[in-house]
Amino acid sequence: MVTTTPGQPGSDVRADGRVPEELVAAYREHGFVRVRGVLAPGQAERLRAGAEAFLAAHRAESLEKQGVFSQLVNVWQREQTLRELTLDRRLGRIAEQLAGFPLRIWHDQLLVKEPHNNAATEFHQDRPYWPHAGDRLPLSAWVALVDVPPERGCMTFLPGTQDRTGLRPQDLHDEDDLFAADPSLRWLPRVTVPLRAGDCTFHSGYTGHMALPNRTDQARLAHVVIYMDEATRYSGGAHVVTDPLGVAAGDRLDGDTFPRPWA
Ligand code: SIN
Ligand code: NI
């Protein structure tokens with residue numbers, strides 16, 4: 001029998017910083033998994049305060065202009081509190097445990113659904129948006145900084161879709177677009193995963209997902225840390241993260257811009 005040392009009560013993270021093998025198996029099978037209590041007690045509250053202050057100062061810079069969410073990218077390069085979370089070694093090591101190979105940070109995103117935004121983030125896959133080549137399956141940690149029940153805009157996943165590579169990028173404003181790209185996905189079960197503040201879900205770059213609208217009086221604050229294969233190369237495509245960097249197609253995406261602080 002394998003004995004494991006429990007971590008904080010209510011947390012899936014063990015005292016050695018790893019998650020149980022059942023969660024790794026669930027991630028590999030379904031393409032997503034919930035990990036409760038990735039943040040230490042009190043940490044979510046501090047991160048929430050940092051996120052709110054950053055949002056108040058930078059809301060106008062949101063990349064998304066149609067009300068689905070406020071989307072602030074590469075916050076870790078500009079804000080000290082959320083930087084701690086993006087570069088968190090324990091979170092990065094859990095991501096590597098799930099992926100099964102070395103990773104680095106691709107970018108982060110503060111994603112805020114304002115109170116009563118009433119707009120879903122419609123079904124899509126993430127990886128088709130990214131200018132990556134030569135990579136194995138990337139994954140994102142979607143960390144809840146406040147309680148996120150379904151009515152505040154938690155995520156819904158299409159289990160098993162992590163193997164649906166090769167689809168065109170999908171419009172996350174159009175509820176039908178992923179299903180137009182692959183009609184068979186419409187008939188899959190949909191799994192909605194509410195999170196308490198300090199919990200997260202990990203989902204792969206090809207796992208189909210959406211987030212419900214926020215119908216509550218409180219903002220939905222989520223910080224998403226996106227990890228890619230350590231060996232990822234630039235494909236040459238346009239992307240807000242790589243456009244200013246002057247990288248050439250075929251270059252490795254590595255160095256200080258794409259760190260792996262847990263290594
Ligand atoms: C959301 O949080 O609204 C969407 C997140 C995602 O698409 O990864
Ligand atoms: Ni997404």
Side-chain angles (χ1 to χ4, degrees), residues 27 30-36 38-39 44 47-48 51-52 55 59 62-73 75 82 85-86 106-130 138-162 164 167 169-181 185-186 188-227:
Y27 171 73
H30 303 305
F32 72 94
V33 70
R34 181 181 66 175
V35 180
R36 291 169 305 167
V38 281
L39 301 183
L47 292 167
R48 182 191 61 74
E52 279 177 354
L55 178 70
R59 190 182 261 110
S62 172
L63 295 180
E64 215 295 310
K65 305 289 187 194
Q66 298 180 52
V68 166
F69 43 47
S70 294
Q71 179 183 28
L72 299 169
V73 172
V75 179
L82 290 166
L85 177 54
T86 297
W106 161 222
H107 61 279
D108 69 10
Q109 302 192 353
L110 178 61
L111 291 182
V112 181
K113 283 190 186 283
E114 307 284 351
H116 299 281
N117 88 318
N118 291 332
T121 314
E122 302 294 0
F123 274 110
H124 64 278
Q125 300 169 302
D126 295 333
R127 174 61 178 76
Y129 300 140
W130 298 337
L139 76 170
S140 299
W142 193 105
V143 184
L145 305 183
V146 296
D147 285 346
V148 188
E151 55 275 16
R152 188 164 292 130
C154 74
M155 296 269 275
T156 294
F157 300 95
L158 299 176
T161 47
Q162 68 275 16
R164 303 297 172 104
L167 298 181
Q170 302 112 33
D171 181 357
L172 57 71
H173 303 94
D174 177 350
E175 69 176 337
D176 224 42
D177 201 37
L178 174 63
F179 305 117
L185 302 186
R186 192 186 298 282
L188 291 176
R190 302 175 187 193
V191 180
T192 297
V193 185
L195 299 179
R196 304 304 302 258
D199 297 348
C200 85
T201 48
F202 286 88
H203 67 274
S204 90
Y206 285 107
T207 305
H209 59 279
M210 61 87 71
L212 292 162
N214 184 0
R215 303 188 195 285
T216 73
D217 295 339
Q218 191 188 329
R220 187 216 71 177
L221 291 156
H223 190 63
V224 187
V225 185
I226 308 175
Y227 303 92

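Distance CG/N118 to CG/L212: 12.0 Å, rounded to 0.5 Å. To the nearest 0.5 Å, the span separating CG on L110 from CG on L72 amounts to 5.5 Å. Here the CG atom belonging to N117 is positioned 9.0 Å from the CZ atom belonging to R215, to the nearest 0.5 angstrom. Rounding to the nearest 0.5 Å gives a distance of 10.5 Å between NE2 of H223 and CG of L39. Remark: L111 CG to T121 OG1 distance equals 7.5 Å, nearest 0.5 Å.
V225 and L85 get closest at one heavy-atom pair: CG2-O, 4.3 Å. Counting all heavy atoms, side chain and backbone alike, P169 lies closest to P128 at CG-O, 3.5 Å. Contact record, A119 with G67: CB-O, 3.8 Å, taken as the closest heavy-atom pair. Of all heavy-atom pairs spanning V146 and A219, the tightest one is CG2-O, 3.6 Å.
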| request: Check step by step if side-chain contact (heavy atoms from CB on, under 4.5 Å) holds for T161 and L167. | output: CA-CA 11 Å; T161 47; L167 298 181; over 6 Å; no
- From CA spacing to verdict: side-chain contact (heavy atoms from CB on, under 4.5 Å), D108, I226: CA-CA 6 Å; D108 69 10; I226 308 175; over 6 Å; no
Practice prompt. In sequence, state the C-alpha distance, the side-chain angles, and the governing distance for L139 and F32, and then conclude on side-chain contact (heavy atoms from CB on, under 4.5 Å).
Written response: CA-CA 9 Å; L139 76 170; F32 72 94; over 6 Å; no
- Walk me through it: do T86 and V75 pass the test side-chain contact (heavy atoms from CB on, under 4.5 Å)? CA-CA 9 Å; T86 297; V75 179; over 6 Å; no
Can you give each donor-acceptor pair under 3.5 Å made by side-chain atoms of residues 198-206, sequence neighbours left out, with the distance rounded to 0.1 Å?
| from | atom 1 | to | atom 2 | distance (Å) |
| --- | --- | --- | --- | --- |
| D199 | OD1 | G37 | N | 2.9 |
| D199 | OD2 | R196 | N | 3.0 |
| H203 | NE2 | D126 | OD2 | 2.8 |
| S204 | OG | Y206 | N | 3.2 |
| S204 | OG | T207 | N | 3.2 |
| S204 | OG | T207 | OG1 | 2.7 |

Could you list the donor-acceptor pairs under 3.5 angstrom formed between side-chain atoms of residues 151-160 and any protein atom two or more places apart in sequence or on another chain?
| from | atom 1 | to | atom 2 | distance (Å) |
| --- | --- | --- | --- | --- |
| R152 | NE | T216 | OG1 | 2.9 |
| R152 | NH1 | D147 | O | 2.9 |
| T156 | OG1 | T192 | OG1 | 2.8 |

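For F123, the ring pair (Phe, Tyr, Trp, His ring centres under 6.0 Å) test picks out F179, with sequence neighbours left out. Residues passing the side-chain contact (heavy atoms from CB on, under 4.5 Å) test with E114 are L55, R59, S70, V112, sequence neighbours excluded. For Y27, the ring pair (Phe, Tyr, Trp, His ring centres under 6.0 Å) test picks out no residue, with sequence neighbours left out. Scanning for side-chain contact (heavy atoms from CB on, under 4.5 Å) contacts around A222 gives W142, R220, with sequence neighbours left out. Looking at residues two or more places apart in sequence or on another chain, you find no side chain to side chain donor-acceptor pair (under 3.5 Å) involving Q218. In this view, R34 satisfies the salt bridge (Lys or Arg N to Asp or Glu O under 4.0 Å) rule with no residue, not counting sequence neighbours. The side chain to side chain donor-acceptor pair (under 3.5 Å) search around Q162 returns none, not counting sequence neighbours. The ring pair (Phe, Tyr, Trp, His ring centres under 6.0 Å) search around H124 returns Y129, H209, not counting sequence neighbours. Remark: D177 engages R168 in a salt bridge (Lys or Arg N to Asp or Glu O under 4.0 Å) (not counting sequence neighbours). With sequence neighbours left out, the side-chain contact (heavy atoms from CB on, under 4.5 Å) criterion links H173 to E64, Q66, V68, D171.
Side-chain contact check for H116 and N214: no donor-acceptor pair (N or O, by modelled atom type) lies under 3.5 Å.
Residues V224 and V143 have side chains not in contact (no heavy-atom distance under 4.5 Å, counting atoms from C-beta outward).
The main-chain N or O of R164 is found under 3.5 Å from a side-chain atom of Q125 such that the two form a donor-acceptor pair.
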